Trainee: 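Take a look at this one; I'll ask things after.
Computed from a predicted structure; not experimentally measured. Within every chain, numbering begins at 1; the chains are lettered A, B, ... in the order of the sequence lines, protein sequences first and strands thereafter.
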Amino acid sequence: MTPETTPADLVAFFDRSAVEVGRDLIGATFCVDGVGGIVVETEAYEPDDPASHSFRGETPRNRAMFGPPAQTYVYRSYGIHWCLNFVCRPGSAVLIRALQPTMGLETMIARRGLADPRRLCAGPGRLCEALGIDLSHDGRPLSTNPFALALSGLPQPLVSGPRIGISRAVDLPWRFGLAGSRYVSKTFRQPA
DNA sequence: CTTTGGATTGTCT
DNA sequence: GACAATCCAAAGA
C-alpha cells in the first residue's frame, strides 16, 4: 500500500461506477479518529438500480449521493441504526458492511459493549456504532478529519453474492467480500 | 448452528 | 399509513 493517499487520488478512485469501487475497496484501511480496520465487505448501489436510494431522484435525505465523489452518505436504517456509504459517480454509492478491526479495539469494545472482534464491525449498523458514525458525518469528504482511508493498491481475493436486506433487484451479485475473511456480516455461499 | 419476531422513526406514497 | 440497504434475543435442530 502507498504510504499516503492524496485527496486527488481519492476523487479519481471514487469517480467510477459503484460496482467497480465496491470491488476495489476490499482490503482498504478505513479509520474514524484512529478507530477502524480493513474493509472486508461492501455493497454497490447504482443510479438505475431499483434498490438504490437514488433510484427515484434526489431528496433531502439522499442528497449526498448526488454530490461530489469521495464523500460520505450516512442514513438511518429501520429507525434505529446508522449506515455508512462512500459516494462514487453521481447517484452511485458503496455501502460499507463490515470491517476487520485493527485499530482502536478498546474504543470499539466500549461503544459496542461487546468484546468479540468478529462481531464488532460485522454489519452496517454495528460498524457505525463501533466507529461512532452518525448523521453529523453525512456529506463529509473522506480525505479530511476525522476520516482516513488508505487504499490497498493490490488485488485482493474476492467473493461476491446477492445484496442483503433488500426487496428489489435481489439477483444482482453486487455484494463483495474478502475471500476467506471471518469478519464478514454473513458468510458468502461457496463458489460453484 | 439456523430461524423467527419485535424494536423504532424518518421518509415517501 | 406503509415500509425500510438492521440488529438482537430467544427458541429450536
Side-chain angles (χ1 to χ4, degrees), chain A residues 14 17-26 30 32 37 39-67 69 71-101 108-140 142 159-178 180-190:
Chain A
F14 281 101
S17 76
V19 171
E20 291 176 89
V21 173
R23 271 193 331 240
D24 293 350
L25 270 176
I26 301 296
F30 177 66
V32 181
V39 177
V40 297
E41 183 182 348
T42 63
E43 281 180 3
Y45 289 88
E46 299 281 9
D48 297 345
D49 170 11
S52 173
H53 288 174
S54 61
F55 183 64
R56 291 175 192 175
E58 184 174 345
T59 68
R61 178 208 203 188
N62 66 18
R63 80 189 186 290
M65 279 189 83
F66 295 88
Q71 69 172 354
T72 56
Y73 165 45
V74 177
Y75 69 91
R76 195 186 274 284
S77 176
Y78 290 89
I80 303 172
H81 312 287
W82 297 107
C83 291
L84 171 68
N85 296 254
F86 294 167
V87 176
C88 307
R89 293 197 301 219
S92 312
V94 171
L95 173 67
I96 309 302
R97 288 194 54 91
L99 298 183
Q100 174 179 344
M108 294 193 225
I109 290 168
R111 285 172 176 158
R112 296 267 300 116
L114 186 111
D116 181 358
R118 284 199 200 177
R119 287 191 173 176
L120 276 181
C121 299
R126 292 166 173 164
L127 183 155
C128 283
E129 185 175 31
L131 269 52
I133 298 283
D134 61 34
L135 194 58
S136 73
H137 297 91
D138 184 40
R140 301 196 43 187
L142 290 169
V159 286
S160 64
R163 293 172 291 180
I164 293 181
I166 59 173
S167 53
R168 320 172 76 131
V170 190
D171 293 332
L172 294 173
W174 286 355
R175 175 180 177 236
F176 305 105
L178 181 63
S181 173
R182 283 182 268 223
Y183 295 89
V184 297
S185 62
K186 191 178 171 188
T187 56
F188 286 76
R189 225 206 94 164
Q190 292 285 12

Trainee: B:dT11, C:dA5, C:dT6: which one has an atom nearest the side-chain heavy atoms of A:Ile164?
Mentor: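 Closest of the options to the side chain of A:Ile164: C:dT6.
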Trainee: What is the distance from CH2 of A:Trp82 to C1' of C:dA5, rounded to the nearest Å?
Mentor: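 About 15 Å, once rounded to whole Å.
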Trainee: Between atom CZ in A:Arg168 and atom P in B:dC12, what is the gap in whole Å?
Mentor: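 That distance rounds to 14 Å.
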Trainee: May I ask you to say what A:Ile166 touches in the nucleic acid, namely base, sugar-phosphate or nothing, with a heavy-atom cut-off under 4.0 Å?
Mentor: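 Result for A:Ile166 = sugar-phosphate.
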Trainee: Return yes when atom CG of A:Asp48 has more than 12 non-hydrogen atoms of other residues, nucleotides or ligands closer than 6.0 Å, and no otherwise.
Mentor: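 No - once you tally the heavy atoms of other residues, nucleotides and ligands closer than 6.0 Å, there are 12 at most.
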Trainee: Side chain to side chain donor-acceptor pair (under 3.5 Å): which pairs involve residues 71-89 of chain A, sequence neighbours left out?
Mentor: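 Checked against side chain to side chain donor-acceptor pair (under 3.5 Å) - neighbours excluded - the pairs reaching residues 71-89 of chain A are A:His53-A:Tyr73.
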Trainee: What string of B, S and - do you get for nucleotides 7-13 of chain C, 5' to 3', when a contact is any protein heavy atom under 4.0 Å?
Mentor: SS-----
Trainee: Distance check needed: C:dA5 P versus A:Met65 CE, whole Å only.
Mentor: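 Atom-to-atom, A:Met65 to C:dA5, this comes out as 11 Å.
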Trainee: How many angstroms lie between atom OH of A:Tyr45 and atom CG of A:Leu172, to the nearest 0.5 angstrom?
Mentor: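 Here the rounded value is 10.5 Å.
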Trainee: Applying a 3.5 angstrom cut-off to the pairing atoms, does DNA chain C sit in any stems of at least three consecutive Watson-Crick or G-U pairs? List them by first number.
Mentor: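 Stems found: B:1-7 with C:6-12, B:9-12 with C:1-4.
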Trainee: List the atom pairs, with distances to 0.1 Å, where a side-chain N or O of residues 119-137 of chain A and a protein N or O form a donor-acceptor pair under 3.5 Å, not counting sequence neighbours.
Mentor:
from	atom 1	to	atom 2	distance (Å)
A:Arg126	NH1	A:Ala122	O	2.8
A:Glu129	OE1	A:Arg112	NH1	2.9
A:Asp134	OD1	A:Ser136	N	2.8
A:Asp134	OD1	A:Ser136	OG	2.6
A:His137	ND1	A:Asp134	N	3.1
A:His137	ND1	A:Asp134	O	3.4

Trainee: Starting from P on C:dC3, measure out to CD1 on A:Ile80 and report it in whole angstrom.
Mentor: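 Going from CD1 in A:Ile80 over to P in C:dC3 covers 17 Å.
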Trainee: My understanding is that only residues two or more places apart in sequence, or in another chain, count here; which of them pass side-chain hydrogen bond (donor to acceptor under 3.5 Å, both in side chains) with A:Glu20?
Mentor: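 Partners of A:Glu20 by the side-chain hydrogen bond (donor to acceptor under 3.5 Å, both in side chains) criterion, ordered by chain and then number, come out as A:Ser17.
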Trainee: Tell me, please, which residues at least two apart from A:Thr42 pass side-chain hydrogen bond (donor to acceptor under 3.5 Å, both in side chains).
Mentor: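 Testing A:Thr42 for side-chain hydrogen bond (donor to acceptor under 3.5 Å, both in side chains), a comparison that skips the adjacent residues, returns none.
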Trainee: Give A:Arg163 one of three labels, base, sugar-phosphate or nothing, depending on what nucleic acid heavy atoms sit under 4.0 Å from its own.
Mentor: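 Nothing, no nucleic acid heavy atom in range.
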Trainee: Taking CG from A:Asn85 and P from C:dT6, how many angstroms apart are they, rounded to a whole number?
Mentor: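 After rounding, the gap between these two atoms is 11 Å.
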Trainee: Distance check needed: C:dA5 P versus A:Arg61 CZ, whole Å only.
Mentor: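 Computing the A:Arg61:CZ to C:dA5:P distance gives 7 Å.
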Trainee: Please determine, for the side chain of A:Arg56, which listed nucleotide (B:dT11, C:dA5, B:dT13) has the closest atom?
Mentor: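 Out of B:dT11, C:dA5, B:dT13, the nucleotide with an atom closest to A:Arg56's side chain is B:dT13.
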Trainee: To the nearest Å, give me how far apart NZ (A:Lys186) and P (B:dC1) are.
Mentor: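 Between P of B:dC1 and NZ of A:Lys186: 15 Å.
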Trainee: Kindly compute the distance separating OH (A:Tyr183) from CG (A:Leu99), expressed to the nearest 0.5 Å.
Mentor: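 If we round to the nearest 0.5 Å, A:Tyr183:OH and A:Leu99:CG are 11.5 Å apart.
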Trainee: Would you call A:Tyr75 stacked on C:dA5, i.e. ring centres under 5.5 Å apart with the planes less than 30° off parallel?
Mentor: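 So no, this residue does not stack on that base, at least one cut-off failing.
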Trainee: Without hydrogens or angle criteria, can the side chains of A:Ser185 and A:Glu41 be said to hold a donor-acceptor pair below 3.5 Å?
Mentor: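 Looking only at side-chain atoms, A:Glu41 and A:Ser185 do form a donor-acceptor pair, the distance falling under 3.5 Å.
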Trainee: Could you check how far CD of A:Glu43 sits from C1' of C:dA4, rounded to whole Å?
Mentor: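 Answer to the nearest Å: 14 Å.
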Trainee: From A:Phe66 CZ over to A:Ser92 OG, what is the distance, rounded to the nearest 0.5 angstrom?
Mentor: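 One finds 9.0 Å between CZ of A:Phe66 and OG of A:Ser92.
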